[in-house]
Amino acid sequence: MPPLGLYVHVPFCSAICHYCNFNRGLMDGPLKQRYVEAVTAEIRGAPGRFGWLPGETRADTIFFGGGTPSLLESHEVAAILAACRTTFDVAPDAEITLEANPESAVGPFLEGIRAAGVNRLSLGLQSFRPAELQRLGRIHDVLQARRACASAREAGFDNLSLDLMMWLPEQTVEQWLESVVGAIGLGPEHLSLYMLELYPNAPLREAMARANWSLAPDDDAAEMYEAAMARLEAAGYGQYEISNVARPGRESRHNLKYWTDGEWLGFGPGAHSTLAGARWKNVSATGEYVARVAAGLPLEVDRRDLTEEERWQEAVITGLRLQRGISVGALAARHGVDLDARFGPDLQRFREAGAVERDGDRLRLTRRGMLVANDVLRVFI
Ligand code: SF4
């Protein structure tokens, strides 16, 4: 069995951003304390649940996502990591990432989690323009973002990832590039560039209507993406996934499991797991999650075994998010699917349009193709 990834969902935030559609709620100190007890109990219960011996199953990545994991105390992060280490055979060189927001990524906390073994920090900066941060409902400012990066370096983090959001209301291509240049200036090892997605009832949608803010046209969004990637490449970053770039060797090992048909276990409210051909998620509401753990009740909802069709579809769809694309031969050997015979004619128009390319055995999206990835990937569904 290849090493697992472990995901720990931390569902608390200091404020709710105007665009957020994640599983999170406002910070609640007593509930957070009960959550930490519950999530450590859930982790410790994994061997019994899956019929493993404690310490028998190897894990080589751990990822604290949220929500805002930097709202935990460093001793709480240490307690959760201790639970992981007594339950799993955590590799000595495991990648251990924690997502943090700038306002709570402060010196003593960062030093504490670094000492506990966190070795990769992912900071949600989103923008270097105050007006954009305000529109998004972010509660940090640009100075806090810069301080958080400096504090992370002082605490000993040599693997830093920054998140930026593009295609924001009223944002021009030039303004977007200001943020890209600002982020490059902080010298992170990794960057994630996400395009704003507005879910139907997002408060930002209503604010945009009230204030008459608009999004730049699609052509500008394409220019934003391509210009950012060009700047990042010129600065020494390599694109390895639609939204992610890294310095050589600093790709996110945890996230690569999601894109390369890997297996992972998720702990905490709403966390997803994929193991042995099955997928499930935990109950989402934090109060219910904590109560169920305390009562020894099952946490899983929406469990299902993936069909063979779903497994190869997912291998193709996630694999094509990667810059290196997929091996057509490996897919045939693992899943028995002949992509050329089955989809060659449908893919031809995307090849002619320069969205898809074939390099020997590998099929991949071009950068232009990454902009229309959803259209291309629909071919396989
Ligand atoms: S900090 Fe992240 S998880 Fe929390 S509300 Fe903002 S976007 Fe959502």
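In each ligand, atom 1 is the first atom listed, and ligand 1 is the first ligand listed. Here the structure is a predicted model, which is why all the values come from computation and not from measurement. Only heavy atoms go into these numbers, but all of them, side chains included; no hydrogens, no water, no symmetry mates.
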Identify whether the distance between the nearest side-chain nitrogen and carboxylate oxygen of E132 and R138 falls below 4.0 Å.
no
Answer yes or no: is there an ion pair linking E170 with R129, defined by an N-O contact shorter than 4.0 Å?
no
Taking 2.8 Å as the distance threshold, tell me the number of protein N/O/S atoms next to atom 4 (Fe) of ligand 1.
1
Going by salt bridge (charged side-chain N to carboxylate O under 4.0 Å, His left out), name the pairs with one or both residues in residues 310-330, residues two or more places apart or in two chains.
E241-R321, R279-E314, R304-E310
Could you list all the side chain to side chain donor-acceptor pair (under 3.5 Å) pairs where at least one residue sits in residues 23-37, not counting sequence neighbours?
K32-E76
Note: R58-E263 ion pair, threshold 4.0 Å (strictly below):
no
Residues passing the side chain to side chain contact (heavy atoms under 4.5 Å, CB included) test with A278, sequence neighbours excluded, are W280, R303, D305
Per-atom contacts of ligand 1 with Y19, taking only distances under 4.0 Å to non-hydrogen atoms
7 (S)
